[in-house]
Asks: 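Sending over a structure as structure tokens; questions will come in a sec.
Remember, predicted model here, so these are calculated numbers, not experimental data.
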Amino acid sequence: MDFEAIQEKWLPIWDDLAPFRSGRPDDTRPKKYVLDMFPYPSGDLHMGHAEAYALGDVIARYWAHKGFNVMHPIGWDAFGLPAENAAIKRNESPAIWTYENIAIQKASMRRYACSFDWDRVLHTCDPEYYKWNQWFFLQMYNRGLAYRKDSAVNWCPSCQTVLANEQVVAGLCERCDAVVTKKKLNQWYFKITDYADRLLDDMSTLEGEWPEKVLQMQRNWIGRSTGGEIVFEIEGRNQPVTVYTTRPDTLFGATFFVVAADSELAAELAKGTPSEKEFNAYLEKIKGASDIERLGTERPKTGVFLNRYAINPANGERLPIWASDYVLADYGSGAVMACPAHDQRDLDFAKVYDLPVRVVVAHETDPATTGEATVADGIHVNSGPLDGLNKPEAISRMLEILESKNQGKAAKNYRLRDWLISRQRFWGTPIPIIHCEKCGEVPVAEDQLPVLLPDAKGLDLSPKGTSPLGAADTWVNVPCPKCAGPAKRDADTMDTFVDSSWYYLRYLNPKLETAAFDPQQAKEWAPVDQYVGGVTHAILHLLYSRFFTKVLFDMGLVNFTEPFTRLLNQGMVVMDGSAMSKSRGNLVKLSDELNAHGVDAVRLTMVFAGPPEDDVDWADVSPGGSKKFLGRAWRLAGDVTSPVGVDFNSGDLALRKATHRALNDAQLAVETYRFNVAVARTMELVNVTRKAIDNGCGPSDPAVREAAEAVAIMLSIVAPYTAEEMWERLGFQPTVALAPWPTVIPALLVEDEVEAIVQINGKIKERILVPSAISEDEFRELALTLPSVAKELSGKTPKAIIVRPPKLVNIVFG
RNA sequence: GCCCCUGUAGUCCAAUGGCAGAGACAAACGACUUAAAAUCGUUACAGUGUCGGUUCGAAUCCGACCAGGGGUACCA
């Protein structure tokens with residue numbers, strides 16, 4: 001079997017037949033939307049793509065065989081930094097590099113036999129696409145969900161650019177390994193925190209449909225906690241400060257008060273005090289601290305006493321106020337009540353500065369001497385009205401007391417922060433806002449969209465800390481839409497995660513000019529029935545897309561609140577136990593593997609390697625073995641001598657049973673993501689059929705044809721070229737991709753007789769053939785009258801006899 | 001530190017609480033061959049990370065521990 005020739009033979013035929021076009025209006029088949037995460041066009045496809053798309057293809061092709069109108073689109077996540085870097089290096093527009101790579105990847109996907117609907121392709125860098133990013137931005141803006149604020153962002157002093165969190169690896173810039181620092185910039189945000197509760201609570205509908213791991217990661221990321229807000233008066237300040245705590249029950253144990261050193265509150269409190277100088281010096285020190293230092297887990301606590309006091313609302317005590325960097329400025333109110341006996345961080349701090357530790361929850365050990373804060377439940381002491389209560393009782397009692405005095409209330413808090421979408425980069429979606437000295441922020445009118453990117457020619461794209469767009473004078477300087485005075489466009493571009501948050505809807509009608517997507521089509525196709533992609537996107541992309549979908553629901557544009565009904569995370573392809581990389585020298589090139597073994601063998605190897613969510617170690621698998629198997633399957637089709645349409649009913653019963661058992665097991669396996677098992681069933685059927693041909697019913701038996709046809713169809717979800725060849729050899733017209741999955745005949749799944757085991761005290765005594773329909777009484781009787789069993793029984797009365805027809809009888813003696 | 005996942009033949013992996021083996025890789029031997037490759041056939045290989053518990057019965061359920069992997073990083 002010459003796979004090169006076979007590949008060349010079928011590609012034009014598939015182009016012609018386009019079996020996976022899903023847009024025909026007269027198509028009455030039920031719809032199914034299968035979506036692979038779209039690739040970033042950096043170079044050609046690699047082994048990771050090969051695995052992901054092989055798995056997505058199994059699912060898409062399977063449902064097509066099962067009679068569904070499957071939509072399986074592909075596109076490119078085409079904005080992003082690598083294009084910009086390539087552009088700088090090659091001194092040309094990022095667009096050229098991007099579209100070149102898209103063409104390369106597209107050709108590889110075609111060769112890889114991906115069952116994509118090539119009529120639905122989209123590229124996020126097309127103005128026709130990013131126009132709608134801008135439109136969504138304006139909708140967000142109008143709904144109060146897009147806003148600007150100053151905040152400290154990751155900054156690489158060497159590259160002179162802002163970095164996303166994902167680009168900071170262990171405190172270092174992923175590109176140049178410089179130590180990343182923080183820089184304060186005015187940035188755009190989407191208010192995802194408004195949706196925190198819904199993002200969390202709606203996950204109950206994804207239970208069992210998404211990997212538990214992903215749901216867990218999202219829950220942790222959102223990080224909802226419950227507790228209370230407590231109002232502290234500050235001596236010498238009119239305004240009180242509210243702090244959030246999960247442990248209002250320990251308020252009587254508070255011995256000091258801490259504000260985030262980098263917060264405005266800290267600066268204000270320090271001002272004019274004897275501590276001001278010391279505070280400023282401290283602030284300088286921690287501002288210079290890199291993430292590396294910050295990441296040190298054993299980092300000792302530091303801080304400055306501000307010579308100010310807060311009043312504990314529970315007992316009127318004066319609490320010294322400290323400023324420290326162990327309190328985060330952007331969580332809660334940037335200030336905490338410190339109860340060292342029952343909070344480890346507070347205890348660590350108290351130990352450094354010799355602050356008092358007061359136990360309010362009784363425990364065998366004393367935190368002050370052990371250095372271990374006691375966080376467990378216990379009886380409250382030294383706490384006035386809370387004495388004698390346990391933790392939950394004390395929490396609600398304290399909240400009642402505070403509430404009655406207007407000094408606090410129950411509250412929730414989230415770890416989730418708003419989504420920073422500004423990027424100081426060229427190759428992205430321009431933010432459709434114009435800044436006017438007189439009118440302030442003015443949104444671009446919807447009918448003026450898209451705000452096109454300027455020509456990159458002549459622009460300096462090299463990173464320098466400000467957006468390259470700002471230097472495009474003719475582009476950036478525009479009259480204010482409101483007052484016609486001089487104004488400037490916002491020069492930042494959007495995070496590319498905006499692009500991918502709604503692309504699944506654009507596929508429904510990627511050429512639509514009047515809207516981002518067609519709500520009617522969305523009703524018919526969306527949400528996505530099956531999403532397939534890497535676990536690397538477990539948090540950000542999936543969370544953002546869920547957020548967008550909820551906003552769209554609130555806008556009345558879609559009638560669902562979750563974008564992806566089922567999610568499959570495939571593992572990575574690794575080599576010798578570790579991720580492939582050039583520097584490690586363990587890179588396996590996909591094109592080499594394809595040239596050596598053929599597309600089908602590589603796809604089969606990916607699918608057969610193990611459960612899809614596990615990593616595939618290319619050192620552990622055998623594309624050569626896959627190729628051999630494909631040859632065996634293919635030869636089967638050539639051996640069949642009975643004609644197309646022969647009546648299978650007269651075929652060899654044993655082989656027919658094997659065929660229907662295999663079909664049944666394989667479909668069950670595919671539907672539960674056990675693709676490797678489905679392949680094993682196919683291999684089993686091939687082996688059985690081979691034996692039937694050579695040493696059994698012979699090649700002319702109709703059951704052999706039935707089996708070979710089943711193999712072709714089962715194989716076509718994994719190895720489309722081989723399956724197509726088999727289908728042709730079996731006398732059919734192309735394409736096997738549209739052949740219906742054979743209907744499993746239930747009667748052929750039933751065995752007349754099965755081997756049962758008889759146990760005595762759980763140990764196997766006998767194996768007997770019994771009718772599979774045997775009744776419990778008959779089965780028990782049969783087992784008990786076996787000579788060897790009867791011998792054991794003589795004179796003794798069993799304590800219990802467990803009968804599980806038709807598989808097992810267990811006779812238990814005391 | 002906290003949270004999650006996974007531990008089954010030499011290797012990758014299967015087994016609704018019911019005979020540990022479906023499938024494959026690698027190995028050994030054999031057939032074919034002048035020989036090799038390819039192909040075909042045969043064989044061998046573990047008692048399921050450890051300890052305890054539940055059960056008539058545990059790879060499977062529960063608990064502790066060990067090992068590997070992943071997520072997260074002072075979130076009050």
Asks: Hey, does A:Q344 reach any base, or is it just sugar-phosphate, or nothing, if we go heavy atoms under 4.0 Å?
Replies: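 Nothing, no heavy atom under 4.0 Å.
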Asks: Just to be sure I understand the rule, does A:S225 reach a base, reach only the sugar-phosphate, or reach nothing, if contact means heavy atoms closer than 4.0 Å?
Replies: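 Sugar-phosphate, backbone atoms only, no base.
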Asks: If we only count heavy atoms from C-beta on, is the A:M337 to A:F256 side-chain gap below 4.5 Å?
Replies: no
Asks: Salt bridge or not for A:R219 and A:E212, using N-O below 4.0 Å?
Replies: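 Result for this pair is yes, salt bridge flagged.
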Asks: Counting only heavy atoms from other residues, nucleotides and ligands, does the tally under 6.0 Å from NZ of A:K409 exceed 12?
Replies: no
Asks: Around atom NZ of A:K351, are there more than 12 heavy atoms from other residues, nucleotides or ligands closer than 6.0 Å?
Replies: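 More than 12 heavy atoms, drawn from other residues, nucleotides or ligands, come within 6.0 Å of this atom.
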Asks: Report which part of the nucleic acid A:K301 touches: base, sugar-phosphate, or nothing (heavy-atom distance under 4.0 Å, all strands).
Replies: base
Asks: So, is A:R632 near the phosphate of B:C40, with a side-chain N or O under 4.0 Å from OP1 or OP2?
Replies: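 Yes.
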Asks: For A:N687 and A:V327, find the nucleotide of RNA chain B closest to each by heavy atoms; which residue's nucleotide sits nearer the 5' end?
Replies: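 Checking each residue's closest nucleotide, the 5'-ward one belongs to A:N687.
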Asks: Relative to A:Y326, does A:K301 satisfy both conditions: NZ or CZ under 6.0 angstrom from the six-membered ring centre, and within 45 degrees of the ring's axis?
Replies: yes
Asks: Using a heavy-atom cut-off of under 4.0 Å over every strand shown, decide if A:R224 touches base, sugar-phosphate, or nothing.
Replies: nothing
Asks: When we call it a touch if two heavy atoms are under 4.0 Å apart, what does A:N810 touch: a base, just sugar-phosphate, or nothing?
Replies: base
Asks: Output the pairing pattern of RNA chain B as a dot-bracket string, 5' first, Watson-Crick or G-U wobble with both distances under 3.5 Å, | for cross-strand pairs, [ ] for crossing pairs.
Replies: (((((((..((((....[..).))).(((((.......))))).....(((((..]....))))))))))))....
Asks: Please confirm whether A:F497 and A:W419 have ring centers closer than 6.0 angstrom.
Replies: no
Asks: If the sugar-phosphate is the primed atoms plus P, OP1 and OP2 and the base is the rest, what is the B/S/- string for nucleotides 3-12 of chain B, using protein heavy atoms under 4.0 Å?
Replies: S-------SS
Asks: Rounded to whole angstrom, note down the C1' distance from B:C51 over to B:G10.
Replies: 27 Å
Asks: Please state whether the phosphate of B:A76, meaning OP1 or OP2, lies under 4.0 angstrom from any side-chain nitrogen or oxygen of A:Y331.
Replies: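 Affirmative; the distance criterion is met.
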Asks: Closer than 4.0 Å, any side-chain N/O of A:R415 to the OP1 or OP2 of B:U72?
Replies: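 No, no such contact exists.
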Asks: Describe the nucleic acid contact of A:D330 in one word from base, sugar-phosphate, nothing, applying a heavy-atom distance below 4.0 Å.
Replies: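 A:D330: no heavy atom of the nucleic acid under 4.0 Å.
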